[in-house]
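Input: a single structure, listed below in structure tokens.
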Amino acid sequence: MTVTDLDSGYMQRALKLAWRGLYTTDPNPRVGAVLVNDGRVVGEGWHARAGEPHAERHALAQAGTLARGATCYVTLEPCSHTGRTGPCADALIDAGVRRVVAAMQDPNPQVAGQGLARLRAAGITVECGLLEAEARALNPGFIKRMETGLPLVRVKLAMSLDGRTAMASGESQWITGTPARQAVQRLRARSSAVITGIGTVLADNPALTVRPDDWSEGDYPGTVRQPLRVVLDRRLQIPLEARLLAESGEVWVISAASDALAGAVRARGAQVRTLPGSGSGTDLMALLRLLAEHGCNEVLVEAGATLAGAFVREKLWDELVVFMAPTLLGSSARPLLLLPEIATMAEQQRLTLQRVDTVGKDLCLTYIPQL
């Protein structure tokens, strides 16, 4: 691929635009586009919401006739299929664009190189792969869902310096400070779904919604898309007055209970779904496949030590996001994860520390499985 520093600069601008859709594009990917003609940006845009115009179409609309002969820098291969909007590849061809530089090929099997091929067939110069790593970082969940049929799974945890999450009594509010809780709001906002267990619902009565008032100043992204909230509750113990059922937004309760019990929960607006069991709990792999079929790209697990430990034990996680507070809770406090006992150091699970952020007085440690 023949590229210049100018090409990289324009693609960096497209990437920056794409990030503006971080909290809103789901289940579609986050995409940015920049149109350049004769060394001047003539149009730019990003995809904001599913069903609305894609990034390329926003850029073309802004450029108008100046799109003819231009170069389009786009963070994802232009689509070649008709969904709720028409193919962007055709729009670029019709506008007379001369060259297209894409950061990466679309992993969606409905596209997967066909958009680039259509552009080449129309006589447009096409180059792909510029800043691909940065483009992949935009859409880790979308890419994983398209490539594996599973969403990306983040397990969010909050602990003291000595690895404890709550007092022995269950009291846990608050280990971390306000900035850390605002960061969790941002994690929820970018997630397609939030998963919790009935134990957390009974102990804490969480809403698990994105609350705009809790965002720090300057972070509020406008209209918030609430994630799907999923409760694993095999015996259907969820109280009908639970905040999860009172707040607006889609709720699934995963249960093996009878239809008679389920009726009252459905009357509160939730869907009651049945999945096969795995021992005493839900088949988590089956749940993740169901969520992917529903269009979920990124899933956030906000649960107690048992359910969070199950995701880790079954190797169904992609990121552990651990907020660590500068406090000590003591040996009798509750542990971070419930995992099987190991007898030797050879059995330990090693992780790769991906990043460290200071969040107020707390640390946010992001781990991925050891490569």
Side-chain angles (χ1 to χ4, degrees), residues 133 136-137 140-141 143-144 147-172 174-177 180 183-184 187 191 194-200 203-204 232 276-289 298-371:
R136 292 184 70 88
I143 293 169
K144 185 181 178 188
E147 293 180 346
T148 70
L150 294 170
L152 178 136
V153 178
R154 289 188 182 90
V155 180
K156 187 276 295 182
L157 303 159
M159 70 175 190
S160 61
L161 184 61
D162 53 348
R164 303 293 169 167
T165 62
M167 306 310 296
S169 65
E171 180 188 357
S172 62
W174 295 100
I175 295 174
T176 55
V184 172
L187 285 175
S191 300
V194 178
I195 299 175
T196 196
I198 185 58
T200 297
D204 299 334
L232 306 191
S278 176
S280 60
T282 301
D283 185 333
L284 298 180
M285 177 63 84
L287 173 62
L288 294 177
R289 292 197 184 283
E298 301 178 20
V299 170
L300 182 65
V301 178
E302 289 196 63
T306 300
L307 181 55
F311 274 95
V312 173
R313 183 177 65 251
E314 297 181 31
K315 295 181 171 57
L316 294 177
W317 64 280
D318 298 283
E319 293 181 8
L320 293 182
V321 182
V322 184
F323 292 91
M324 185 172 70
T327 187
L328 302 170
L329 297 185
S331 300
S332 64
R334 297 184 179 184
L336 187 68
L337 298 166
L338 286 182
L339 297 171
E341 291 187 13
I342 60 175
T344 67
M345 291 295 287
E347 299 174 84
Q348 66 183 296
Q349 294 187 46
R350 288 197 174 274
L351 314 176
T352 296
L353 179 61
Q354 188 177 50
R355 60 180 294 168
V356 179
D357 297 294
T358 301
V359 188
K361 295 181 179 179
D362 306 314
L363 290 180
C364 179
L365 310 172
T366 302
Y367 295 91
I368 59 175
Q370 190 171 64
L371 303 177

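Residues take their numbers from the sequence shown, with the count starting at 1.
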How close do [X] and [Y] get, counting heavy atoms only, and between which atoms?
| X | Y | answer |
| --- | --- | --- |
| Leu363 | Thr358 | CD2-OG1, 3.9 Å |
| Leu152 | Pro140 | CD1-CB, 3.6 Å |
| Leu339 | Gly309 | CD2-O, 3.5 Å |
| Gly197 | Ala303 | N-CB, 4.3 Å |
| Cys364 | Val359 | CB-CG2, 3.7 Å |
| Tyr367 | Trp317 | O-CZ3, 3.6 Å |

With a 4.5 Å cut-off on side-chain heavy atoms, are [Y] and [X] touching?
| X | Y | value |
| --- | --- | --- |
| Val321 | Val155 | no |
| Met285 | Leu287 | no |
| Asp357 | Arg355 | yes |
| Arg154 | Leu187 | yes |
| Val301 | Val153 | yes |
| Met159 | Ile175 | no |
| Leu351 | Ile368 | no |

Could you tell me the separation between the [atom1] atom of [X] and the [atom2] atom of [Y], rounded to the nearest 0.5 Å?
| X | Y | atom1 | atom2 | value |
| --- | --- | --- | --- | --- |
| Glu319 | Glu298 | CD | CD | 8.0 Å |
| Leu307 | Leu338 | CG | CG | 10.5 Å |
| Thr352 | Leu320 | OG1 | CG | 11.0 Å |
| Thr327 | Leu161 | OG1 | CG | 8.5 Å |
| Leu232 | Thr282 | CG | OG1 | 4.5 Å |
| Ile195 | Leu300 | CD1 | CG | 8.5 Å |

Keeping the roles fixed (side chain from [X], backbone from [Y]), state whether a donor-acceptor pair exists under 3.5 Å.
| X | Y | answer |
| --- | --- | --- |
| Thr148 | Leu150 | yes |
| Ser160 | Arg164 | yes |
| Lys144 | Pro151 | yes |
| Asp362 | Gly177 | yes |

Contacts of Thr344 that satisfy side-chain hydrogen bond (donor to acceptor under 3.5 Å, both in side chains) - sequence neighbours left out: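 Here the qualifying residues are Glu347.
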Qualifying residues under side-chain hydrogen bond (donor to acceptor under 3.5 Å, both in side chains), relative to Arg313, sequence neighbours excluded: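 For Arg313 there are no side-chain hydrogen bond (donor to acceptor under 3.5 Å, both in side chains) partners, ignoring immediate neighbours.
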Residue of the set Val194, Leu157, Thr200 for which side chain to side chain contact (heavy atoms under 4.5 Å, CB included) holds with Glu302: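 Testing Glu302 for a side chain to side chain contact (heavy atoms under 4.5 Å, CB included) against Val194, Leu157, Thr200 leaves exactly one candidate, Val194.
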